[in-house]
2 protein chains.
Amino acid sequence: MRRLVARNKAGTEPRVPLSRERVLRAAVAIADEGGLRALTMRRLAEEVGAEAMSLYYHVANKDEVLDGIADAVVEEINEVVGRIDVPSRGDAWKAAVRRRILSAREVLLRHPWAPGVFESRTAMSPAVLRYHDGLIGLMRDGGFSNDLCHHALHALGSRALGFSQELFDPGSGGGDDTAALEGMAAELPHLVGMFMEVAHDDPDSTLGWCDDQTEFEFGLDVILDGLDRLRAQD
Amino acid sequence: MRRLVARNKAGTEPRVPLSRERVLRAAVAIADEGGLRALTMRRLAEEVGAEAMSLYYHVANKDEVLDGIADAVVEEINEVVGRIDVPSRGDAWKAAVRRRILSAREVLLRHPWAPGVFESRTAMSPAVLRYHDGLIGLMRDGGFSNDLCHHALHALGSRALGFSQELFDPGSGGGDDTAALEGMAAELPHLVGMFMEVAHDDPDSTLGWCDDQTEFEFGLDVILDGLDRLRAQD
DNA sequence: ACCTGAACACCGTTCAAGT
DNA sequence: ACCTGAACACCGTTCAAGT
């Protein structure tokens, strides 16, 4: 909407020169506001007060922009988790890891387009490596062997960065009714049965709709508890 | 490359008419062969021996094509897992779920573009619902409460369909050397330490490169074991 | 009913040219 | 050194027109 740098008439503003940094910041802003589809080179140029072709002086191509904004988000995560100061020795490892992952998730919730970008990248950027290095450090504090750390990273997968799926449109798909579900009971007996019971036990959940945060934490804890059991048996 | 229907000169071939079914099958073939980027409406038309605009008579737009091929893959999974006939009562639930998920994974390995498409869809297609209905059935056989089934689906997440990440370029990133890792030891002490040890214990792993299948199964088992413990405590 | 040609608005990107 | 205009090859999609 508003340009970061207004076209200066009669040179009132110092005319901040373009830079890779400024281009990437604008790209993040565009994606935050309008999603990944809104992020085009032409739109990005507009946001930054230049012509599309000027961007190519600071970034090689659009792929580099995508790499750049993915990296920027992980850097933001690293900053946030870097400020966490909790014990992690012995049994405390689990709470420390949990805290770190949930903090990463909070950052990600501000950039819901990020997981989609991560997926298409090799995900071996320095920032991602540093993030995982920190995670391994916490698990080592908990007495994990390096081998178990290695498996644990794979087990956590994208969950380590605070997401696994959904994260998107938290409010969508709301309007469905119990009646519609009952009509499907013949083909999907188990699924309908499950949802009917869950909805009955928790009536204010707009039927079958779930608290993403709760579910995320449940899945996370299942894995963490499993790893904790493995660590105990050396 | 080769057209499914050759342009018939002098009407030698019966000229199979276009159909949504045929369009989607061709779309899957293109994505299998050249990845998602290769799947354009124009390329799809070529593959099917027609002009791009003809496609719009059978599908509303490209989004419907993407929905269609995502659905086609899940249908293929449903066919495969539908032929599985193993016990699932009581303790057997875990082996049955494991088998089902690993079978789904085999299908997915033939369509490595599929996870990327799933992510952008709402993933509530009839085929996906049927797949999860079957999963719930197995867990119910194992004595899961509906509530635990519900949590379990969230915990498994995309792993239920046989993937979580990677799955892509299984051979990439090979050439790195131990020396490069040692150079990063100052910034990434835990990560480098872990990889050095893992590489030492398993020298033929091209350093730090992992058997995706093994890691997938490890992560899967961590979660399954965790759920098993929850089920035991009612 | 099914298919197509021409056309539109939009991409990412190049290249030679401006300051 | 930094930015730009014109242009290219490619998208998805529309619409009126063909059979």
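Lettering of chains follows the sequences in order, A, B, ..., and the numbering in each one begins at 1. Keep in mind that this is a model prediction, so the values were computed, not measured.
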For a 4.5 angstrom cut-off between non-hydrogen side-chain atoms, does B:D63 reach B:L66? yes
Listed nucleotide nearest any side-chain atom of B:S54, set C:dT13, C:dC3, C:dG5: C:dC3
Per atom distances to the A:Y57 side chain, the nearest of D:dA1, C:dA6, C:dA1 is D:dA1
Looking at A:R121 and A:D67, is there a salt bridge between them, counting it only when a charged N and a carboxylate O are closer than 4.0 Å? yes
Which whole-number value in Å describes the distance from A:R37 CZ to D:dG12 P? 11 Å
Separation of D:dT13 atom P from B:L44 atom CG, nearest Å, is 12 Å
Any side-chain heavy atom of B:L102 sitting closer than 4.5 Å to one from B:L220? yes
Measure the distance from CD on A:E64 to C1' on C:dG12 and round it to the nearest whole Å. 14 Å
B:E51 atom CD is separated from D:dT19 atom C1', nearest whole Å, by 15 Å
Report the residue (A:A52 or A:R42) whose heavy-atom-nearest nucleotide on DNA chain D is the more 5′ of the two. A:A52
Rounded to the nearest Å, what distance is computed from the CZ atom of residue A:R43 to the C1' atom of nucleotide C:dC11? 15 Å
Measure from the side-chain heavy atoms of B:H58 and tell me the nearest of D:dC3, D:dT4, C:dC3. C:dC3
Any ion pair linking A:R43 and A:E47 (charged N to carboxylate O, less than 4.0 Å)? yes
Donor-acceptor contact present, side-chain A:H154 to main-chain A:H150, <3.5 Å: no
When you measure from the side chain of A:Y131 to the backbone N and O of A:V81, does any donor-acceptor pair fall under 3.5 Å? no
Give the rounded distance in Å between these two atoms: CG of A:L55 and C1' of D:dG5. 15 Å
Are any non-hydrogen side-chain atoms of B:R20 and B:E64 less than 4.5 angstrom apart? yes
Within the 4.0 Å heavy-atom criterion, would you say B:T40 contacts the bases, only the backbone, or no part of the nucleic acid? sugar-phosphate
Nearest of C:dT4, C:dG12, D:dT4 to any side-chain atom of A:K62? C:dG12
Dot-bracket, DNA chain C: Watson-Crick or G-U, under 3.5 angstrom, [ ] crossing, | other strand? ||.|||||...|||||.||
At under 4.0 Å between heavy atoms, what does B:M41 touch on the DNA or RNA strands: base, sugar-phosphate, or nothing? sugar-phosphate
Which nucleotide, D:dC3, D:dG12, C:dC15, lies nearest any side-chain atom of B:Y56? D:dG12
What is the distance from CG of B:L18 to P of C:dA1, rounded to the nearest Å? 17 Å
Distance, rounded to the nearest Å, where B:R20 contributes CZ and C:dA1 contributes C1': 18 Å
